[in-house]
Amino acid sequence: MPKDQTSILIVEDEPSISELLRFMLQDVGYSVILAQDAQEANAHIARELPDAVLLDWMLPDLPGLTLLSQLRNDPRTAALPIIMLTARGMEEDKIKGLNHGADDYVTKPFSPKELVARIQALLRRKTPELGKKVLVHGAIRIDTERFEVTVDAVPVELDQSEFRLLRFLAAHPDRIFSRSQLLDKVWGDHAFIEERTVDVHIMRLRKCLGAAADNIQTVRGIGYKMSAG
């Protein structure tokens with residue numbers, strides 16, 4: 001089944017910091033996974049990709065930069081949003097982290113509000129379907145926090161899969177996605193679901209949206225896209 005919350009993997013070996021981060025992120029609606037070292041982080045990632053990672057610079061079993069490089073060199077995790085957390089505040093260290101592929105860099109001690117804002121900004125850039133509270137596409141309005149959809153202000157009832165599928169397509173207008181890509185992005189990259197499942201949910205989604213579904217287009221031989229027009 002698809003996830004109903006944005007998931008953040010925290011890779012941090014200091015319990016006091018990881019618990020603070022867990023409380024702070026859960027308080028604003030994120031699902032949080034904790035890992036104390038690189039081995040545990042890799043085990044979590046192997047089971048299911050998180051939506052973003054907070055990665056400490058110093059880990060007990062492996063430098064954070066090494067884990068970062070490994071993630072960037074793996075096609076499955078190459079685009080995973082990653083923020084480095086570190087007590088190292090020197091400019092050259094920040095440059096080193098960014099050059100290794102970090103999307104952002106936060107120095108301890110950090111402001112909780114600033115960290116949440118940075119996570120939200122990163123998700124808006126890299127996964128807009130997760131970073132925006134409201135998506136508007138023509139007559140369709142998608143409230144991503146309340147999991148509500150309206151067409152011309154009239155509520156539309158969607159199941160969880162249909163909601164996530166609509167949210168993803170609306171967040172990437174005019175981009176064509178294959179059925180396998182949609183399975184990975186909507187159901188998770190370890191979901192054992194046949195590709196024709198996507199067709200079934202597209203059909204149901206079109207039926208629920210009525211005339212507003214005209215922008216969900218089939219690209220023959222490739223997959224689907226949501227027209228920006």
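The side-chain heavy atoms of L68 and V53, taken from C-beta on, include no pair separated by under 4.5 Å. At least one side-chain heavy atom of E195 sits less than 4.5 Å from a side-chain heavy atom of S180. Looking at M226 and H137, their side chains come closer than 4.5 Å, going by heavy atoms from C-beta outward. Between D56 and K108, some side-chain heavy-atom pair lies under the 4.5 Å cut-off. By the 4.5 Å heavy-atom criterion applied to side chains, P50 and I45 are counted as neighbours. Side-chain atoms of R76 and L49, non-hydrogen and from C-beta on, do get closer than 4.5 Å to each other. Here the side chains of T77 and D74 are in contact, with some heavy-atom distance below 4.5 Å. The side-chain heavy atoms of Y30 and Q120, taken from C-beta on, include a pair separated by under 4.5 Å.
Contact record, L67 with A41: CD2-CB, 4.3 Å, taken as the closest heavy-atom pair. Between L34 and S18 the shortest heavy-atom distance is CD2-O, 3.9 Å. G64 and L59 get closest at one heavy-atom pair: CA-CD1, 4.3 Å. Nearest heavy atom pair, residue I142 against residue L166, reads CD1-CG, 3.7 Å. Looking at every heavy atom in both residues, L21 comes nearest to L115 through CD2-CD2, 3.3 Å. For the residue pair M58 and D13, the shortest heavy atom distance occurs at O-OD1, 3.7 Å.
For D51 (side chain) and S7 (main-chain N/O), a donor-acceptor pair under 3.5 Å exists by modelled atom type. Side chain of D37 to main chain of E40: a donor-acceptor pair is present (N/O by atom type, distance under 3.5 Å, no hydrogens or angles). The backbone N or O of L80 lies less than 3.5 Å from a partner atom in the side chain of R72, making a donor-acceptor pair. With hydrogens and angles disregarded, no donor-acceptor distance shorter than 3.5 Å links the side chain of S227 to the backbone of N215. Using modelled atom types, one side-chain atom of Q181 and one backbone atom of S178 make a donor-acceptor pair closer than 3.5 Å. No donor-acceptor pair under 3.5 Å is formed between the side chain of E14 and the backbone N or O of S16. Distance alone, capped at 3.5 Å, places no donor-acceptor pair between the E19 side chain and the P15 backbone.
Within the structure, no pair that satisfies the side-chain hydrogen bond (donor to acceptor under 3.5 Å, both in side chains) test touches residues 58-71, not counting sequence neighbours.
Here R175 contributes atom CZ and K225 contributes atom NZ; the two are 12.5 Å apart, rounded to the nearest 0.5 Å. If you take CG on L182 and CZ on F168, they are separated by 6.5 Å, rounding to the nearest 0.5 Å. One finds the CD1 atom of I17 at 14.5 Å from the CZ atom of R22 (value rounded to the nearest 0.5 Å). Of the inter-residue distances, the one linking I10 atom CD1 with M24 atom CE reads 7.0 Å to the nearest 0.5 angstrom. We find the CZ-CG distance between F177 and L169 to be 7.0 Å, quoted to the nearest 0.5 Å. Rounding to the nearest 0.5 angstrom, the gap separating the CG atom in D103 from the CD1 atom in I119 is 12.0 Å.
L20 and W57 fall into different hydrophobic clusters, where Ile, Leu, Val, Met, Phe, Trp and Tyr are joined by side-chain heavy atoms under 4.5 Å apart, directly or via other members. If you chain together hydrophobic residues whose side chains sit under 4.5 Å apart, V186 and F147 fall into the same group.
Using a 4.0 Å cut-off between charged nitrogen and carboxylate oxygen, D152 and R141 do not count as a salt-bridge pair. Salt bridge R167/D143: absent, no basic N to carboxylate O contact under 4.0 Å.
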Please assess L54 against I8 for the test side chain to side chain contact (heavy atoms under 4.5 Å, CB included), listing each intermediate value before the final yes or no. CA-CA 7 Å; L54 300 182; I8 310 293; 4.0 Å; yes
Begin with the C-alpha distance, continue with both residues' side-chain angles, and end with the deciding distance and a verdict on side chain to side chain contact (heavy atoms under 4.5 Å, CB included) for R118 and V106. CA-CA 9 Å; R118 285 177 178 267; V106 176; 3.4 Å; yes
Would I83 and L55 count as a side chain to side chain contact (heavy atoms under 4.5 Å, CB included) here? Give the steps. CA-CA 6 Å; I83 297 177; L55 176 61; over 6 Å; no
Take L25 and V116 through the test side chain to side chain contact (heavy atoms under 4.5 Å, CB included) and record every step on the way to the result. CA-CA 7 Å; L25 295 177; V116 169; 4.2 Å; yes
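Residue Q26 qualifies as enclosed at atom CD: its count of foreign heavy atoms under 6.0 Å is above 12.
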Do any side-chain atoms of residues 199-213 form donor-acceptor pairs under 3.5 angstrom with protein atoms, and if so which ones, sequence neighbours left out?
residue: D199; atom: OD1; partner: R179; partner atom: NE; Å: 2.7
residue: D199; atom: OD1; partner: R179; partner atom: NH2; Å: 3.3
residue: D199; atom: OD1; partner: Y224; partner atom: OH; Å: 2.6
residue: D199; atom: OD2; partner: R179; partner atom: NE; Å: 3.3
residue: R206; atom: NE; partner: I216; partner atom: O; Å: 3.4
residue: R206; atom: NH2; partner: I216; partner atom: O; Å: 2.8
residue: R206; atom: NH2; partner: T218; partner atom: OG1; Å: 3.0

